[in-house]
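Step one of this worksheet: look at the structure below.
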Protein chains: 2
Amino acid sequence: MRVLGVDPGLTRCGVGVVEGVAGRPLTMIGVGVVRTPADAELGHRLVAIEQGIEEWLDTYRPEVVAVERVFSQHNVSTVMGTAQASAVAMLCAARRGLPVALHTPSEVKAAVTGSGRADKAQIGAMVTRLLRLAEPPKPADAADALALAICHIWRAPAQNRLQQAVALHASKGRTR
Amino acid sequence: MRVLGVDPGLTRCGVGVVEGVAGRPLTMIGVGVVRTPADAELGHRLVAIEQGIEEWLDTYRPEVVAVERVFSQHNVSTVMGTAQASAVAMLCAARRGLPVALHTPSEVKAAVTGSGRADKAQIGAMVTRLLRLAEPPKPADAADALALAICHIWRAPAQNRLQQAVALHASKGRTR
């Protein structure tokens, strides 16, 4: 499974592609950041993010896109820009028919470090170890994008089983 | 000036096209709502909003798109969806090179009713009167979209003068 993780943001949108399956060593395929100038108009920044995400989708052809689920409770000053950047990433993926998975920051932290309250340094260290990199990816947004992709690969089997169970239950309900 | 007003929302995205200039009677060119099913996946809803906005842009060819500025303080439960829908509207406009204007809800209310704290009924009544309609546009999201377009037409001259003054000041600063 090849997953593009997106840590959404207007100024820095982290992107990272990871390939692998749960229970096997994972491989980093690419990592980077889509940046937009803080003094540009919001509409133009969203267009730049769209172009950046499209390039990553074209180049790396992921099967799934995992995006950080944005909560309105956190970082009130930046949350609107984060929500808008995440919308562009989801739009680009869904327009191509790619499944979009959302994971909360604490799900991602718990998946890669074992603790939902891990800090940036811990996430960077675990991403470096899990992907067997020479050093932590910089900036933190890039490491977070890789952590999202890893989280998705590890959580997907459980989510699939859950979805199958729900679907089975629903189909049984219909035949009753 | 022909303006497309967008009252962003995932379930109901109000759209309204108004033509005119400040100080002259205004004309409603079109009004409607782009709807997406609440049980659809978020990515698919954003794609549906993109398609809907694109259709409105294709059909009515506005010169400017006015979108409600979303604040994270209001309606915490729906604000993320509103921010995401607004991102799609801004993206569609900016991608075509159309200027995107943002107006706050209180600016819109003050522009069309004289009070920044007007209620939905008051806005509907004033939109009906200003555009010489037979009855208030329904749902309220459609009326709000028209109010945004009206607000933009009336505020644009002042905003242009301000931008000109800022640009003049900046160019003077450079030649010093």
Side-chain angles (χ1 to χ4, degrees), chain A residues 4 6 8-10 13 36 39-54 57 62 64-104 159 163 166 170, chain B residues 4 6 8-10 13 36 39-54 57 62 64-104 159 163 166 170:
Chain A
L4 170 66
V6 179
L10 281 180
C13 193
T36 76
D39 58 353
E41 280 181 25
L42 184 49
H44 295 160
R45 300 182 80 179
L46 297 172
V47 172
I49 290 171
E50 179 185 44
Q51 286 169 347
I53 299 284
E54 286 290 335
L57 293 172
V64 184
V65 177
V67 182
E68 189 181 292
R69 188 186 292 276
V70 186
F71 285 108
S72 54
Q73 291 87 335
H74 303 139
N75 300 321
V76 171
S77 61
T78 61
V79 76
M80 305 313 295
T82 309
Q84 289 164 334
S86 79
V88 173
M90 288 188 274
L91 177 69
C92 292
R95 211 159 46 187
R96 293 181 181 228
L98 295 178
V100 176
L102 300 174
H103 299 287
T104 66
Q159 288 190 334
Q163 282 165 6
V166 169
Chain B
L4 170 65
V6 179
L10 282 179
C13 193
T36 77
D39 59 353
E41 280 182 26
L42 183 50
H44 295 158
R45 299 182 80 179
L46 297 172
V47 172
I49 290 170
E50 180 186 42
Q51 287 168 347
I53 298 285
E54 286 290 336
L57 293 171
V64 183
V65 177
V67 182
E68 188 181 294
R69 189 186 291 277
V70 186
F71 285 109
S72 53
Q73 291 87 332
H74 303 140
N75 300 320
V76 171
S77 61
T78 60
V79 76
M80 305 312 294
T82 308
Q84 290 163 334
S86 78
V88 173
M90 287 187 274
L91 178 68
C92 291
R95 212 160 46 189
R96 293 180 180 228
L98 295 178
V100 177
L102 300 174
H103 299 286
T104 67
Q159 288 191 332
Q163 282 165 6
V166 169

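- The side-chain contact (heavy atoms from CB on, under 4.5 Å) search around B:E54 returns B:E50, B:C92, B:R95, B:R96, not counting sequence neighbours.
- Most heavy-atom pairs under 4.5 Å with chain A, from the set B:L91, B:I49, B:L42: that is B:L91.
- To the nearest 0.5 angstrom, B:R69 atom CZ is 11.0 Å from A:M80 atom CE.
- The side chain to side chain donor-acceptor pair (under 3.5 Å) test applied to B:E68 returns no partner, not counting sequence neighbours.
- Of all the heavy atoms in A:A83 and B:Q84, the pair that sits closest is O-CG, 3.3 Å.
- For the residue pair A:V47 and B:A94, the shortest heavy atom distance occurs at CG2-CB, 3.6 Å.
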